[in-house]
Amino acid sequence: MAKAFIPKIVSANDLMDGDVVYLTTQNTWSRQITEAAIALDETAAATLLSIGEERQDLIVGAYLLDVAIGNDGTPSPTHFREKYRLNGPSIDYLAPQKRSVVDAQTQHTLSEGA
Amino acid sequence: MYHYNDFDHEFVKTRTAEFRSQVARRIDGALTEDEFKPLRLRNGLYLQLHAYMLRVAVPYGTLNSVQMRQLAYIAERWDKGYGHFTTRQNIQYNWPKLGDIPDILDALADVEMHAIQTSGNCIRNVTSDHFAGAAADEIEDPRPTAELLRQWSTDHPEFQYLPRKFKIAITGSPNDRAVTRSHDIGLRMVRNDAGEPGYEVMVGGGLGRTPMVAKTVRDFLPKADLLPYLEAILQVYNLHGRRDNKYKARIKILVHETGLDPLKADIEAAFESIRKTFVHPKAELIADLEAAFAPPEFNNTRSLGFEDAQTANPAFRAFVETNVAEHKNPAYGIVTISLKPVGGAPGDATAEQMRLVAELAELYGHDEIRVSHEQNLILPHVRQSDIPLVYQRLLEAGLATANIGMISDIIACPGMDYCALATARSIPIAQEIATHFEARGLEREIGHMKIKISGCINACGHHHVGHIGILGLERKGQELYQITLGGDGRENMVVGERAGPGFSADALMDALDRLIDAYLTIRDGDEEAFIDTYKRLGAAPFLAALYPEETDDARAA
Ligand code: HEM
Ligand code: SF4
């Protein structure tokens with residue numbers, strides 16, 4: 001028996017800043033996954049991918065990824081790699097060493113005259 | 001410190017200008033990504049999960065304060081205010097934009113820096129001992145030779161299209177701090193019976209999916225023969241190294257498949273023929289390089305302030321114990337600045353922190369800074385009497401974590417938080433381990449410990465040589481962490497053994513707890529480090545701790 005088709009969307013990175021982008025129903029690239037065009041069968045997926053590949057001047061590396069479709073119809077990635085791609089690094093990357101400053105303040109300071 | 005000559009300046013400027021035009025042509029559509037990719041990689045520009053990444057070379061890990069300030073400026077002006085120091089002694093920016101890259105490269109060129117040889121199948125940046133020029137056990141500063149290798153390898157016409165990337169590491173001390181045996185070529189300075197310095201030459205080391213310990217092809221190579229001998233090794237590799245399969249293309253596979261003795265014979269034969277016509281670098285060049293790395297003028301007066309400060313302040317004493325190493329001059333110390341604050345991302349430094357390190361180097365460190373492969377920064381020459389002051393300033397900036405060589409001084413690659421090749425995350429695991437063992441108050445009791453974490457089989461985080469190595473994999477749609485035990489990166493390098501089935505991120509911390517608790521119980525006194533207990537007792541007691549109820553189910557996991 002044929003396996004049920006897992007819905008797919010096309011993603012890539014923006015040429016200029018590398019941002020994660022998704023191919024929309026308007027054949028444009030969007031940073032919002034909610035705007036992604038969803039392929040519901042093999043044929044639609046192949047078509048979507050070839051459209052994505054034609055628009056290489058704006059992006060780098062178009063490819064298909066598996067999604068689940070929520071009750072409101074928006075896609076969300078099933079694989080954890082794509083979740084991190086969608087949401088950004090899982091760490092507090094904008095303040096990488098902030099915590100340590102707090103540590104330092106609670107530590108002893110060097111006595112005067114040393 | 002080496003300063004660019006006119007040739008170097010011209011070379012880097014031309015290269016930057018060339019890349020500027022390539023970027024412009026990619027942006028206006030004249031170049032496709034397939035055409036552009038090899039060009040950008042040759043200039044250190046990768047594409048990661050969320051952004052581009054620029055890898056900037058720090059040849060043999062040496063920087064001065066002007067360069068460090070420029071790195072801070074770049075982080076602030078064109079990135080998100082921080083940079084990541086790596087196991088290859090380089091710095092990576094995680095968020096640069098394509099259009100800004102040429103300007104960044106120009107800014108680097110202004111301070112004699114670049115991103116050349118940080119990618120591609122060329123001879124990569126030479127790495128070295130981060131204590132070079134300062135270590136008490138050093139025979140000779142390896143950096144004049146490292147710079148010579150840099151000049152010899154940059155754009156060497158014969159070695160632009162090697163089968164695969166090629167990494168050389170060099171140390172001037174018999175005690176290896178540069179993991180030379182994990183490199184394609186490792187060079188370790190030793191003395192022969194006559195007392196002359198030369199190199200032990202090791203070939204075919206590597207980590208990645210097939211970890212291998214480099215094998216010695218020459219116990220002692222006179223210094224003067226170094227370049228023709230390396231050329232012989234590269235010639236043999238270039239000719240016989242496999243090009244049919246990327247995963248079998250490193251020289252380690254050639255060493256493995258050919259066997260040490262036949263390969264040695266090939267190298268020696270090539271060497272005999274090359275040496276006859278080899279044009280050695282001019283004596284003046286060698287002299288210039290030696291002069292460029294001559295030790296600073298040390299101030300040899302010892303003062304008591306250093307000892308007094310340790311008596312007065314236990315926190316400072318703890319810092320000295322772990323972060324200050326013996327200098328060849330007894331009035332000096334080597335200060336390691338930990339980029340592993342508990343809970344922070346290993347190797348990350350903010351622009352302000354970089355500026356502070358630059359200022360301290362300028363004021364108290366003869367203007368020298370080093371990047372270590374363990375992702376820390378080093379002030380190699382600080383007068384002991386200045387160390388209390390340096391400590392105070394570091395403390396205020398959150399840079400005084402006293403943990404060098406301890407369980408929270410973890411190497412971690414970027415993993416799936418940044419890297420497109422990752423199979424799992426590594427930074428959060430490092431953060432959790434550091435935070436967890438700090439909370440348990442066990443760090444000092446555990447003592448010397450090297451944990452190294454990679455987010456995939458490529459092993460950028462050196463997990464194979466961690467006393468405890470952690471490799472992040474994917475299994476059934478989940479991140480899974482496999483533990484290796486007993487790895488050792490020193491001159492007697494050992495590749496760690498895989499312990500058994502991996503652990504989910506949730507189960508990992510309990511597993512490490514069991515491992516550490518077992519070690520604390522079975523070690524032979526407080527002084528015996530984990531790795532020594534492991535060497536004495538073997539894997540069995542550690543495996544028993546990791547897998548207490550060893551069932552078929554667990555095995556199958
Ligand atoms: C975009 C990020 C990166 C990519 C794409 C990347 C790619 C790779 C690949 C493919 C290998 C395996 C090479 C082989 O076995 O032939 C490798 C090995 C290595 N990389 Fe990375 N890497 C990245 C980041 C880093 C970072 C951040 C570091 C330093 C922390 C690093 C240091 C190393 C080291 C030390 C090795 C293993 C040693 C060896 O066998 O050469 N890499 N890298
Ligand atoms: S080990 Fe893997 S995940 Fe980590 S930086 Fe290297 S390629 Fe990326």
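- Using a 3.5 Å distance cut-off with no hydrogens or angles, the side chains of Ser11(A) and Glu82(A) do not pair a donor with an acceptor.
- Heavy atoms closer than 4.5 Å to chain B are found in the side chain of Asn13(A), but not in its backbone.
- Interface remark: Tyr418(B) contributes side-chain atoms only to the contact with chain A (heavy atom separation under 4.5 Å).
- Side chains of Asn94(B) and Gln48(B): a donor-acceptor N/O pair is present below 3.5 angstrom, by distance only.
- Applying a 4.5 Å heavy-atom cutoff, none of the residues of residues 63-73 of chain A approach chain B.
- Between Asp14(A) and Arg31(A), at least one side-chain N (NZ, or NE/NH1/NH2) sits under 4.0 Å from a carboxylate O, which counts as a salt bridge.
- Side-chain contact annotation: Arg55(B) with Tyr46(B), donor-acceptor N/O pair under 3.5 Å present.
- Proximity of a side-chain donor or acceptor of Thr401(B) to a complementary backbone N or O of Leu339(B) within less than 3.5 Å is not detected.
- Neither the backbone nor the side chain of Thr32(B) comes within less than 4.5 Å of any heavy atom in chain A.
- Side-chain atoms of Tyr82(B) and Trp95(B) form a donor-acceptor pair, as typed in the model, at a separation below 3.5 Å.
- Of the residues considered (Thr78(A), Leu15(A), Leu58(A)), Leu15(A) shows the highest number of contacts with chain B, using heavy-atom pairs under 4.5 Å.
- Between Pro414(B) and His84(B) there is a side-chain heavy-atom pair separated by less than 4.5 Å.
- Contact tally against chain A (heavy-atom pairs below 4.5 Å) for Glu33(B), Lys80(B), Glu479(B), Lys37(B): the top residue is Glu479(B).
- Donor-acceptor pairing under 3.5 Å is recorded for the side chains of Gln392(B) and Glu396(B).
- Contacts of Ile59(A) with chain B are made by backbone atoms alone, with heavy-atom separations under 4.5 Å and no side-chain atom involved.
- Thr336(B) and Asn376(B) form no side-chain donor-acceptor contact under 3.5 Å, judged by distance and modelled atom types alone.
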